[in-house]
Amino acid sequence: TKKGLKNINKIRKEIGTKKCIVVFSHCWYDFPHVYGMKNFTDFKDWILQTYEVARNSKDCFWIFRAHPGEKWYGGFFLKDLLKELPNNVIILNEKISVDEILKFADLVITAHGTIALEAPAQGVPVICADKTLFDDWRFVTSCSSRKKYISQISNLSTIKYEVTNDMKEEARAFLYLAIAPNEKKHDGFRLTADHVRFYKLYQEFKS
């Protein structure tokens with residue numbers, strides 16, 4: 001939208017020559033230990049720790065993007081958690097698409113979100129805060145402990161992360177295997193996204 005484009009231009013101006021780090025938040029109600037994760041109590045703990053580092057990392061420009069689940073389910077919002085933001089930190093307008101964000105992101109941080117697949121597939125490096133389903137695919141940097149995670153994101157202005165062609169191809173392959181729809185000839189069972197009305201999901205199961 002026109003409003004979104006104005007926001008993007010403003011963000012680019014605020015970033016200036018600083019390295020731009022984008023933190024993709026998670027749905028607060030998701031279970032954070034599904035892949036054997038142990039570095040953080042929950043996603044709130046992770047976000048607060050990341051924000052503590054970000055506000056003191058003046059050499060980088062930090063963008064925190066709320067998970068769309070906030071609007072789907074309501075109840076708790078990133079903007080209510082992170083207040084009195086310093087000049088080097090903003091919470092992103094949700095109307096700006098992921099594709100637009102990745103155009104000005106130098107690095108992405110997540111716990112284990114699908115952005116960890118999308119970003120390296122487009123050449124943007126990713127740091128994951130804990131274990132993930134795709135640890136052994138090696139297209140992201142995963143942190144084995146809370147201490148390592150803090151150390152990793154505290155030195156982003158001096159460390160250069162790159163996505164090699166092999167990493168990019170691995171990310172694209174996993175992205176396809178993980179979320180691409182099955183071909184009709186395989187007769188796979190397809191479900192609508194989980195934020196639609198429950199009766200619609202029930203109808204799909206019933207049919």
Side-chain angles (χ1 to χ4, degrees), residues 1-28 30 43-74 76-129 139-141 143 149-150 152-163 167-168 171-172 175 179 195:
T1 64
K2 189 174 181 180
K3 181 179 180 182
L5 290 174
K6 285 184 179 179
N7 287 337
I8 290 172
N9 291 334
K10 182 179 179 181
I11 290 169
R12 289 185 187 279
K13 187 175 180 179
E14 290 187 22
I15 293 171
T17 59
K18 291 182 178 180
K19 183 180 288 188
C20 180
I21 314 300
V22 184
V23 181
F24 281 78
S25 183
H26 286 263
C27 187
W28 303 111
D30 281 351
F43 292 130
K44 180 182 177 184
D45 179 29
W46 165 65
I47 280 289
L48 287 176
Q49 179 64 79
T50 305
Y51 176 60
E52 186 62 29
V53 173
R55 63 184 303 171
N56 293 305
S57 300
K58 304 296 184 182
D59 292 337
C60 294
F61 190 86
W62 293 73
I63 296 174
F64 284 75
R65 184 181 191 265
H67 190 278
E70 289 189 358
K71 286 193 172 179
W72 299 344
Y73 308 121
F76 189 75
F77 297 89
L78 182 65
K79 64 182 180 181
D80 296 327
L81 181 65
L82 307 184
K83 297 181 178 181
E84 299 181 5
L85 303 177
N87 293 333
N88 68 316
V89 179
I90 65 170
I91 295 176
L92 191 66
N93 185 333
E94 292 180 14
K95 293 182 179 179
I96 300 177
S97 70
V98 171
D99 285 340
E100 290 294 341
I101 296 169
L102 293 181
K103 289 178 182 177
F104 53 74
D106 291 299
L107 183 135
V108 163
I109 295 175
T110 181
H112 58 79
T114 53
I115 190 63
L117 313 178
E118 299 173 65
Q122 297 188 48
V124 181
V126 173
I127 293 177
C128 289
F139 51 78
V140 301
T141 299
C143 299
Y149 173 72
I150 294 171
Q152 203 88 30
I153 67 170
S154 296
N155 298 287
L156 296 179
S157 61
T158 58
I159 300 176
K160 186 175 183 180
Y161 292 86
E162 293 183 345
V163 176
M167 292 168 68
K168 189 181 294 186
R172 290 175 176 176
L175 186 63
I179 66 174
H195 62 282

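For the numbers below, each heavy atom of this structure counts, side chains included, while hydrogens, waters and symmetry mates do not.
V124 has its side chain out of reach of F104: every pair of non-hydrogen atoms, C-beta onward, lies at least 4.5 Å apart. With a 4.5 Å cut-off on side-chain heavy atoms, V89 and F61 do not count as touching. Counting only heavy atoms from C-beta outward, the side chains of L92 and I11 approach each other to under 4.5 Å. Side-chain contact between P125 and K160 is absent, with no heavy atoms from C-beta onward closer than 4.5 Å. Residues I109 and V126 are not in side-chain contact: their nearest non-hydrogen atoms beyond the backbone lie 4.5 Å or more apart. Side-chain contact between Y149 and I153 is present, with heavy atoms from C-beta onward closer than 4.5 Å.
Here the straight-line distance linking atom CD1 of I63 with atom CG of N88 works out to 11.0 Å at 0.5 Å rounding. Distance check: L85 CG to N87 CG gives 9.5 Å after rounding to the nearest 0.5 Å. Of the inter-residue distances, the one linking L107 atom CG with Q152 atom CD reads 9.5 Å to the nearest 0.5 angstrom. In this structure, the separation between CD1 on I21 and CZ on F64 is 10.5 Å, given to the nearest 0.5 Å. Rounding to the nearest 0.5 Å gives a distance of 6.0 Å between CG of L156 and OH of Y161. Atom CD1 of I47 sits about 5.5 Å away from atom OG1 of T50, to the nearest 0.5 Å.
A pairwise comparison of heavy atoms in H26 and G113 identifies CE1-N, 3.1 Å as the closest pair. Listed here is the closest heavy atom pair of R65 and L78: C-CD2, 4.0 Å. Nearest heavy atoms, V98 versus F24: CG2-CE2, 4.2 Å. Summarising the geometry of L102 relative to Q122, their closest heavy-atom pair is CD1-NE2, 3.5 Å, with the distance given to 0.1 Å. Shortest non-hydrogen contact noted between C128 and V140 is SG-CG2, 3.8 Å. Contact between D106 and K18 at its shortest, heavy atoms only, is OD2-O, 4.0 Å.
Listed for the R172 side chain is a donor-acceptor partner under 3.5 Å among the backbone atoms of A121. N56 contributes a side-chain N or O that, together with a main-chain N or O of E52, makes up a donor-acceptor pair within less than 3.5 Å. Distance alone, capped at 3.5 Å, is enough to place a donor-acceptor pair between the S97 side chain and the E100 backbone.
Heavy-atom neighbours of K79 NZ from other residues, nucleotides or ligands within 6.0 Å: at or below the threshold of 12. Heavy atoms from other residues, nucleotides or ligands lying under 6.0 Å from NZ of K44 number 12 at most.
Ring geometry for H112 against F43 counts as tilted: the plane angle lies between 30° and 60°, on a 0 to 90° scale.
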(request) Report the C-alpha separation of R12 and E14 in whole Å, then their side-chain angles, then the decisive distance to 0.1 Å, and conclude whether the salt bridge (charged side-chain N to carboxylate O under 4.0 Å, His left out) test is met. (result) CA-CA 5 Å; R12 289 185 187 279; E14 290 187 22; over 6 Å; no
(message) Show, in sequence, the C-alpha distance, side-chain angles and deciding distance for I127 and V108, and conclude whether the side-chain contact (heavy atoms from CB on, under 4.5 Å) test is met.
(response) CA-CA 6 Å; I127 293 177; V108 163; over 6 Å; no
(request) List the steps, then state whether side-chain hydrogen bond (donor to acceptor under 3.5 Å, both in side chains) holds for Y51 with W62. (result) CA-CA 9 Å; Y51 176 60; W62 293 73; over 6 Å; no
(request) For the pair D59 and K19, evaluate side-chain contact (heavy atoms from CB on, under 4.5 Å) and give the outcome as yes or no after the intermediate values. (result) CA-CA 7 Å; D59 292 337; K19 183 180 288 188; over 6 Å; no
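With sequence neighbours left out, the side-chain contact (heavy atoms from CB on, under 4.5 Å) criterion links T114 to E118.
If you look at H67 and W28, their ring centroids are not closer than 6.0 Å.
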